[in-house]
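Structure, as structure tokens:
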Amino acid sequence: MLVLLFSQDSNFTKHTDLPDLPACFQLSVLPWAPCIFLWLTSPFYIFYLKRNNRGYIMMSILNRIKTVLGLILWIVCWTDLFSSFHEMSQNQLKPPVYFVTPLVLGMTMLLATFLIQFERLKGVQSSGVLFIFWTISVLCAIMPFRSKIMNASQAENDKLRFTMFYIYFGLTLLQLILSCFNEKPPLFSSVVTDPVSLYVILFYSMAIKGYKSPLENKDLWSLNKHDSSELVVPNLLNEWEVEKSKAKAGPGAEPNHVSVSPEEEEVLLSKRKEARQPSFLRALLRAFGPYFLIGSAFKLLQDLITFVNPQLLRMLIAFTKQPQAPSWWGYSLAFLMFSASLLQTLILHQHFQYCFVTGMRLRSGIVGAIYRKSLVITNEAKRSSTVGEVVNLMSVDAQRFMDLTTFLNMLWSAPLQIVLALFFLWQNLGPSVLAGVAVMVLLIPFNAFIAMKTRSYQVEQMKYKDERIKLMNEILNGIKVLKLYAWETSFKQKILQIRQKELHVLRKASYLSALSTMAWTSAPFLVALTTFAVFVTVDVNNILDAEKAFVSLSLFNILRFPLNMLPQVISSIVQASVSLKRIQGFLSHDELDPESVDRRNNASGNKYAVSVVNGKFSWAKQDQAALDNINVMVPQGSLLAVVGHVGCGKTSLVCALLGEMEKLEGQISIQGSVAYVPQQAWIQNATLRDNILFGRPYAEQKYRCVLEACALTPDLEVLPGGDQTEIGEKGINLSGGQRQRVSLARALYSGADVYLLDDPLSAVDAHVAKHIFDNVIGPEGALKGKTRILVTHGISFLPQVHNILVLVEGRVSEMGSYQDLLKQNGAFAEFLRNYSLEDIIEDDDLKVEKLIQRCNVSVCVLQVKLKVYWEYAKAVGPLLSLFICVLYGCQSATSIGANVWLSEWTNDALLNRTQDRVHMRVGVYAALGISQGVLVMFSSFTLALGKIQAARKLHQTLLDNKFHTPQSFFDTTPIGRIINRFSKDIYVIDEVLPSTVLMFLGTFFASLSTMIVIIFSTPIFALVIGPLALIYFFVQRFYVATSRQLKRLESVSRSPIYSHFSETITGTSVIRAYGRNTAFVLLSDMKVWSRSRLDACSSSRMFSVFTVCFYGVTMSLNWMVRMTSDLESNIVAVERVKEYSETVTEAPWIVKDKQPPPDWPPKGNVEFIDYSVRYREGLDLVLRNISLEVKGGEKIGIVGRTGAGKSSMTLCLFRLLEAADGEIVIDEVKISEIGLHDLRSKLTIIPQEPVLFSGTLRMNLDPFEKYSEEDVWKVLELSHLKKFVSNQPSKLELECSEGGENLRCLVFKKKKILLLHQNGTKLGKGFGACCVNIKKTLIMIHKVLVLDKGKIAEFDTPTNLLAQKGIFYGMAKDAGLA
């Protein structure tokens, strides 16, 4: 209709100095446009508001004015309608448009008025839909307003309509102005939103601050409540629960069969299992789909506007061919092209805003769901989903969903743009375009094959990535053991083997991606080539002139973006589908049954606080029962001791009472609340007081009593900040004894009814153990009157307990009082007879004085230096980097050549020689295009090679450095921060950064070629390039300064999430036992909130393009700014990896010219010569002027109070601590001069902290495979583990999961010097006897070294020291041994 109107009134609209629009157009198209928009969007908007009720807004003056104006507008419109009816009654016939337009406008004004009130009821403070409606209304009324002013002389004939229109225009303009102001916040709602109208101002205020000075967290604005984890995660979990319940209620969920054969039952069960698979995708769509659809609507609008410019270009070319056409028409077309580009960019980035926010919500929801699930999964599920794998789910997989949302709309937008482009091409070139369609169809199966292969590679790559992160997590947790045993080389090779497999898969995927890039980059050209070739050859009358060629090229350029993006989107969807499957698999894991333990306090008269009836328990449903036929009745207020040999099931019994095991049969009942002290104390990265309070309110008197009872008061004097001392990850700045006492204090402070104590006295001093038993656990302790179940190896305390439970191979052998069991002369009596000489009171561990300060994360605030780019270029290879740039330059040169050649081709039409050179023109054009495709392929392949090389080098450098880093670094750096480098940052270097580099190079050379072509055709444009380049450079610098800092802050904010998650996983049993799940979920949400806040600010990067729009709208330059910013943001990953690749390293592992003889040390003489040491520079000495000589073969016992420096001596021998002064000499060799591996491989230690790596038991015992199977079995026999291992189906190939007990055996390193570091505390009776049991060792050892405050206080034989009645005598007396 538009074309028809303009063709009929061309003299009125175009060929005149005062152009105007036809009256029919002004009365129909212009007023209908805003109406159509509002009626189309209203159903979706109303549906969205119903789903997202933000509260209720009181009627304000602003709202009243808007409503009254809406009603007046309705009256104004229908006044025109009734005027037309009146004229008709006066026999003045009017066209139908005079009736239809006022009717439609009036109904639309009523709809707008309804929306004003409906938004108020739903708590909308500022309406985007109505703002757009009023804007379109005003824009569409401007031309009629001008026309009526020009034709004011005719107003006499129709005063009413003129008057009504002026009123209509004024009121719509007023409505537009009022819609810029916000309503008050909703009542009865916690929702607080940043005003939409201030959003851009907020961004620019932050961007200006970021440009002037580095941004900090306090500079960021608050997060929209709707984007916070506390709303997003429950919303997603609710939808997931709905999905799971639908799956359970689906077909086959409740089969009802009277009698079936086993085979039929198996088939039915398999069908039932298939029917029960819930879809996490549907849950995501329901939770986040409606908001995302608003962004999709913006994308649809932008796609439609995209095709306006080619039509305007056609008209502009036609204008240049008509000398008589008025000049204003050319200026108008140029202005319209500018306006269309401006509007397109604004709408596009509004679309991106919705996509970014949806992606942020997606990631927050997924991370929150994974965290909540990890708190309740079964032990069986933990075997298949280790900490490393789940960290990958939270970092890599959740991030993939966020990345996908940005371009997900291209899945439908790309086909739409392709169809529209082909439609307009058909209009321009006719059926010849079908040849281009055929090329596109032929490419579909090729790309489908690539997509399928990419998916399979993605699954394989993620498997290797999980393995690598899992092993790296274990290595970092056990790095001290690796250093003590000199095992770094073995585990480094394991990591590199996995990495090699990962890179091998990544290389294959990269080659496929290169082929895909080549195909889709060449696709627009091939389509253009075939279309032009067919067009000029099928008919001699077809002439390729400038209008057809360049309008077609503009359409082909539009076609290029969807054709390029579609494979990337498909690839991202493939990757996200893999991640979706992994996340869905994790969220579908079985959960612990909260009803397995009956905690209902429904029997007030019940005298049993804990009861187990016919209990049968296993660690997994398909596993063999670990506990069988358990019948236990524990009276209220009694103390029950659980004893038995190693592996008999004592800890399993405690876990069963907590509900941590699978209950196969029987019943468990616990009356009241529970406190749990695990065998290995779980300490949070918080203050010591917070660890004890564990979320409970602080009560001064009660707190002091707890500290006194748990013997923690003296420790507060030693700690630098008292009870406000920040405890590092896993309690690294506390000794083992201190950690256990803090764990016990936490239980005592909780004031629970039932206490489950899993060997809490194993890691404390002799006198401290006696103090704790007497003051806390024993009959007269603080817990008297409470029900206590104490797992212990301590025989000396057994006479004081009420009842004793004896476990033998997972069954209750005996139960009764101490005297009763002795009279029965059964298993318990045999147990006492075997170990009557032993006592559980064992030597305490030292206090390791590693002071960890709360990490004030330092964020590099300088501009990303060129050095970082150079480092990445060096990792790729300098020559290879240069070659890649040359290839991209050649590719752009061929592109320029093809365009220039096409321009010459179109000139043939002017010279009437179109048929003479057709074959030559087509041939050269084809050659240039094919050359471009080949160069694209080569550049993509070369970039793939470079990225693999860079990924390998950067990871290897990081890994090498971390294995050579001193132990002090790991003691003061949270593991989550190091894991972040190996997971997210390496992922960025592997996958994100190369694709950013590819897009940057493509955009850079495209922009360069565009400039060259324009300057070639219009030399005067060169004068504009300078100022334009400066403007773009300033915009890019202005934006990137803020964007880069946000990226760095976002990277730093990830580490606490992973650290908190790892910490939570290790303490899930404690968290569940104390019922603190909700508190930890809230803490996790706070950390995710911090990151989401950064994401919300980062997503505002699109507003940079608003700035760009005011200076120019060249798409390639816009993308140039965007790609430069993305490159600088992602190169931060290289910077972070390099930062941790250049930390200070320890001494070399091997010093060639100082290697000791192979049989060193032959005697084992150890001499300390005036030796002093400190943990780090700036700290006090922990050992002072130690001079000591130990002869080979002597057994020396090192004792002392907490913090005396016992462990420091062992660490010094292994050079985990380097001397501040003095020397240590072993058999005439100064240990400071030889390599660390030469030293550590010649010494043997059984460390205090038990560490087991995932893998086989054989690998854990003998990672270098130096010993025979007989040696291994002999060691297991000496370790009292032979029976346990031989009962396992896989024997030595038994798979060990993450964590575990101390199974490393000193027999494998038959060296002259052996150190036993508090190793008997966690090994059970019998094994502990051969290590540090004091009564027995008094007879076995030759001398005792007593340390006090880092100095030698006493050194003599045990007998002489007891006679001297000094410090050693006092310690022995406290322990009841003297």
Side-chain angles (χ1 to χ4, degrees), residues 480 483-484 715 717-720 732-735 738 843-853 965-972 1144-1148 1151 1154 1156 1161 1164-1191 1194 1196-1236 1238-1240 1242-1243 1245 1247-1248 1313 1315 1317-1318 1343-1356 1366-1368:
K480 188 174 181 180
K483 288 183 177 296
L484 290 171
D715 297 299
E717 299 170 4
V718 179
L719 293 171
I732 61 172
N733 51 332
L734 296 178
S735 70
Q738 287 171 325
D843 183 25
D844 180 40
D845 175 31
L846 81 169
K847 172 183 178 286
V848 182
E849 294 193 3
K850 301 174 191 136
L851 301 176
I852 189 168
Q853 303 299 330
T965 300
Q967 180 64 34
S968 58
F969 175 85
F970 299 101
D971 292 344
T972 56
V1144 178
T1145 57
E1146 58 188 357
V1151 180
K1154 294 283 186 179
N1165 296 329
V1166 180
E1167 186 178 2
F1168 286 76
I1169 304 172
D1170 201 23
Y1171 190 85
S1172 300
V1173 74
R1174 57 171 54 91
Y1175 277 99
R1176 285 195 311 281
E1177 286 296 326
L1179 298 182
D1180 294 336
L1181 293 171
V1182 289
L1183 290 178
R1184 296 179 178 83
N1185 306 321
I1186 299 290
S1187 293
L1188 172 71
E1189 188 173 353
V1190 179
K1191 301 293 184 184
E1194 279 189 331
I1196 306 297
I1198 304 176
V1199 298
R1201 304 283 186 185
T1202 295
K1206 304 187 294 296
S1207 269
S1208 302
M1209 291 196 73
T1210 64
L1211 298 178
C1212 294
L1213 278 169
F1214 285 85
R1215 286 179 62 192
L1216 285 185
L1217 295 177
E1218 294 288 4
D1221 195 14
E1223 290 283 356
I1224 298 177
V1225 180
I1226 299 177
D1227 280 353
E1228 301 178 359
V1229 174
K1230 294 180 180 180
I1231 67 170
S1232 60
E1233 295 179 354
I1234 64 175
L1236 293 180
D1238 287 333
L1239 170 66
R1240 293 168 183 172
K1242 301 296 183 180
L1243 306 179
I1245 186 171
Q1248 177 194 10
I1313 300 172
L1315 291 94
H1317 186 190
Q1318 184 70 16
K1343 289 183 179 180
V1344 174
L1345 174 66
V1346 182
L1347 290 175
D1348 184 35
K1349 296 180 181 178
K1351 296 182 178 179
I1352 297 177
E1354 299 172 3
F1355 183 48
D1356 209 334
I1367 296 175
F1368 180 71

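Residue indices begin at 1 and follow the sequence shown. Side chains included, hydrogens not; waters and symmetry mates left out as well; all remaining heavy atoms used.
The two residues Ala1147 and Glu1218 make their nearest non-hydrogen contact at CB-OE2, 4.3 Å. Taking both residues in full, the closest heavy atoms of Phe1368 and Val1346 are given as CB-CG2, 3.8 Å, listed atom of the first, atom of the second, then distance. Across Ser1187 and Ile1352, no two heavy atoms sit closer than the pair O-CD1, 3.5 Å. In terms of heavy-atom proximity, Pro1156 sits nearest to Ile1234 at CD-CG2, 4.2 Å.
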(request) Walk me through it: do Phe1355 and Ile1196 pass the test side-chain contact (heavy atoms from CB on, under 4.5 Å)? (result) CA-CA 10 Å; Phe1355 183 48; Ile1196 306 297; 4.2 Å; yes
(request) Go through the steps to decide whether Leu1243 and Ile1226 satisfy the test side-chain contact (heavy atoms from CB on, under 4.5 Å), and finish with yes or no. (result) CA-CA 11 Å; Leu1243 306 179; Ile1226 299 177; 4.2 Å; yes
(request) Go through Ile1186 and Leu1347 one step at a time and tell me if the side-chain contact (heavy atoms from CB on, under 4.5 Å) criterion holds. (result) CA-CA 10 Å; Ile1186 299 290; Leu1347 290 175; 4.3 Å; yes
(request) Show the numbers, then the answer: is there a side-chain contact (heavy atoms from CB on, under 4.5 Å) between Asp1238 and Val1151? (result) CA-CA 8 Å; Asp1238 287 333; Val1151 180; 5.7 Å; no
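Applying the side chain to side chain donor-acceptor pair (under 3.5 Å) rule to Ser1232 yields the partners Glu1223; only residues at least two apart in sequence or on another chain are considered. Taking the salt bridge (Lys or Arg N to Asp or Glu O under 4.0 Å) definition, one finds that Glu1146 meets it with Lys483, Arg1240, sequence neighbours left out. With sequence neighbours left out, Lys1154 forms a salt bridge (Lys or Arg N to Asp or Glu O under 4.0 Å) with Glu1233. In terms of the side chain to side chain donor-acceptor pair (under 3.5 Å) criterion, residue partners of Lys1191 (sequence neighbours excluded) are, by chain and number, Glu1189. Listed by chain and number, the residues in a side chain to side chain donor-acceptor pair (under 3.5 Å) with Arg1174 amount to none (sequence neighbours excluded). For the side chain to side chain donor-acceptor pair (under 3.5 Å) test, no residue two or more places apart in sequence or in another chain qualifies with Glu1167.
Note that CZ of Phe1214 and CD1 of Ile1224 are 11.0 Å apart. Values are rounded to the nearest 0.5 Å. Rounding to the nearest 0.5 angstrom, the gap separating the CD1 atom in Ile1245 from the CG atom in Leu1216 is 8.0 Å.
With hydrogens and angles disregarded, a donor-acceptor distance shorter than 3.5 Å links the side chain of Asp1227 to the backbone of Gly1164. The main-chain N or O of Leu1236 is never found under 3.5 Å from a side-chain atom of Arg1215 such that the two would form a donor-acceptor pair.
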